[in-house]
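Values below: every heavy atom of this structure, side chains too, minus hydrogens, waters and symmetry copies.
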Amino acid sequence: GGSVEDNSANKFVNKVLSKEKEHLSKTGFKQPDYYLGGGCGEGDLVIITATTGGGKTAAILNLLKYVYTVNHENVVLESLEMKNKEIVERLLSMLSGVEYKKVRNKTFNEDEEYKLRKAWKRFNKVGKENNCRYHLDSPTEDVDIHQVLAPLTGMGYKWVLVDYITLLAENNQNLTEAQSLSKIARYSKRWAQKNKAI
């Protein structure tokens, strides 16, 4: 930019100043959406951090629910911490309002079972009515970020949620945790940009 011969930056300035708005996907969390400039765009990478028991998985499940049921966007949850059964138990509890320990311990009563079934039916109906889908996956062996994202390439998922990245295997054992996380974030960002995903 700046020279008469090659001022390619002009096309980006024109794009920024045009009235054509980028579609941003809201997260369902008011404050993060505000700080993200209205939501997430294609190629964005968002990392949620908290201490143990700080609500990361609950936030991820709420995010999955919101982008699927409100945004009607395709979303996949790759859980490295929980088995699929546990993910479904937690999701069912969140959708129905039935206490999680009752779902996990199967101590719900008939009315609560009805609520659970109705909530699940309503959740699945969203995809049929709005042409969107969700997928829950829980690898049973150690996987690295390449093994998580490679099968999702070209699958049309707008959102890829990984819970949680510190459980990803790392081939290079000489890296510190910070270096490993940086490498994972860098690869995830590039993958998201190429696949127009978040």
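- When side chains are defined from C-beta on, Leu80 does not count as touching Ile165, because their heavy atoms never get closer than 4.5 Å.
- Taking each heavy atom of Trp159 and Cys40 in turn, the nearest pair found is CH2-SG, 3.8 Å.
- Closest approach of Ile87 and Ser79 over heavy atoms only: CD1-CB, 3.4 Å.
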task = Carefully, step by step, assess Ile198 and Val160 under the rule side-chain contact (heavy atoms from CB on, under 4.5 Å).
result = CA-CA 6 Å; Ile198 302 164; Val160 176; over 6 Å; no
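- Residues that satisfy the side chain to side chain contact (heavy atoms under 4.5 Å, CB included) test with Lys194, not counting sequence neighbours, are absent from this structure.
- Hydrophobic clustering (side-chain heavy atoms under 4.5 Å, transitive across Ile, Leu, Val, Met, Phe, Trp, Tyr) keeps Leu45 apart from Leu63.
- In this structure, the separation between CD1 on Ile48 and NZ on Lys56 is 10.0 Å, given to the nearest 0.5 Å.
- The hydrophobic cluster containing Tyr114 does not contain Val88, counting ILVMFWY residues as joined when their side-chain heavy atoms lie under 4.5 angstrom apart, directly or transitively.
- A donor-acceptor distance shorter than 3.5 angstrom exists from the side chain of Ser188 to the backbone of Ile184, with no hydrogens or angles considered.
- Put simply, the side chain of Ser180 never gets that close to the backbone of Thr176: no donor and acceptor are under 3.5 Å apart.
- Heavy atoms only, all atoms of each residue included: His135 and Tyr157 are closest at CB-OH, 3.2 Å.
- Trp191 and Thr153 form a side-chain donor-acceptor contact under 3.5 Å, judged by distance and modelled atom types alone.
- Residues satisfying the side chain to side chain contact (heavy atoms under 4.5 Å, CB included) test with Ser93, not counting sequence neighbours, are Tyr100, Val103.
- Nearest approach of Ala59 to Phe29, heavy atoms of both residues: O-CZ, 3.7 Å.
- Ring pair Tyr68/Tyr134 is perpendicular by interplanar angle, where above 60° counts as perpendicular and below 30° as parallel.
- Of the possible donor and acceptor atoms, none in the side chain of Lys65 sits under 3.5 Å from a partner among the backbone N and O of Phe123.
- Shown here are the salt bridge (Lys or Arg N to Asp or Glu O under 4.0 Å) partners of Glu129, two or more places apart in sequence or in another chain: Lys125.
- Judged as a salt bridge (charged side-chain N to carboxylate O under 4.0 Å, His left out), the pairs with a partner in residues 140-161 (not counting sequence neighbours) are, in order, Glu73-Lys158.
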task = Apply side-chain contact (heavy atoms from CB on, under 4.5 Å) to Leu136 and Leu64, showing your working.
result = CA-CA 10 Å; Leu136 309 174; Leu64 179 143; 3.8 Å; yes
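- Atom NZ of Lys189 sits in a crowded spot, with more than 12 heavy atoms from other residues, nucleotides or ligands closer than 6.0 Å.
- Hydrophobic clustering, with ILVMFWY side chains joined whenever heavy atoms are under 4.5 angstrom apart, groups Leu91 together with Ile60.
- Using a 4.5 Å heavy-atom threshold, the side chains of Gln31 and Tyr35 count as touching.
- Tracing side-chain contacts under 4.5 Å through hydrophobic residues (I, L, V, M, F, W, Y), one never reaches Leu181 starting from Leu161; they form parts of separate clusters.
- Side chain to side chain, Ser25 and Asn71 fail the donor-acceptor criterion of an N or O pair below 3.5 Å.
- Residue Asn109 places its CG atom among more than 12 non-hydrogen atoms of other residues, nucleotides or ligands, all under 6.0 Å distant.
- Atom CD of Glu81 is separated from atom CG of Leu167 by 6.5 Å, given to the nearest 0.5 angstrom.
- When all heavy atoms of Lys26 and Gly38 are compared, the pair lying nearest together is NZ-O, 3.1 Å.
- Although no hydrogens or angles enter the test, the distance criterion places a donor-acceptor pair under 3.5 Å between the side chain of Asp33 and the main chain of Thr27.
- Within the 4.5 Å cutoff, the side chain of Glu86 has heavy atoms near those of the Arg104 side chain.
- Linking Ile, Leu, Val, Met, Phe, Trp and Tyr whenever their side-chain heavy atoms come within less than 4.5 Å leaves Leu175 and Ile47 in two separate clusters.
- Between the side chain of Asp137 and the backbone N or O of Glu78, no donor-acceptor pair lies under 3.5 Å.
- Within 6.0 Å of atom NZ in Lys115, 12 or fewer heavy atoms from other residues, nucleotides or ligands are found, so the atom counts as exposed in its surroundings.
- Applying the side chain to side chain contact (heavy atoms under 4.5 Å, CB included) test to Thr107 and every residue at least two apart in sequence or in another chain returns Lys102, Asn105.
- Glu177 and Thr166 get closest at one heavy-atom pair: OE2-CG2, 3.6 Å.
- Using a 4.5 Å heavy-atom cutoff, the side chains of Leu168 and Val148 are in contact.
- Taking Ala192 as the reference, nothing meets the side chain to side chain contact (heavy atoms under 4.5 Å, CB included) condition, with sequence neighbours excluded.
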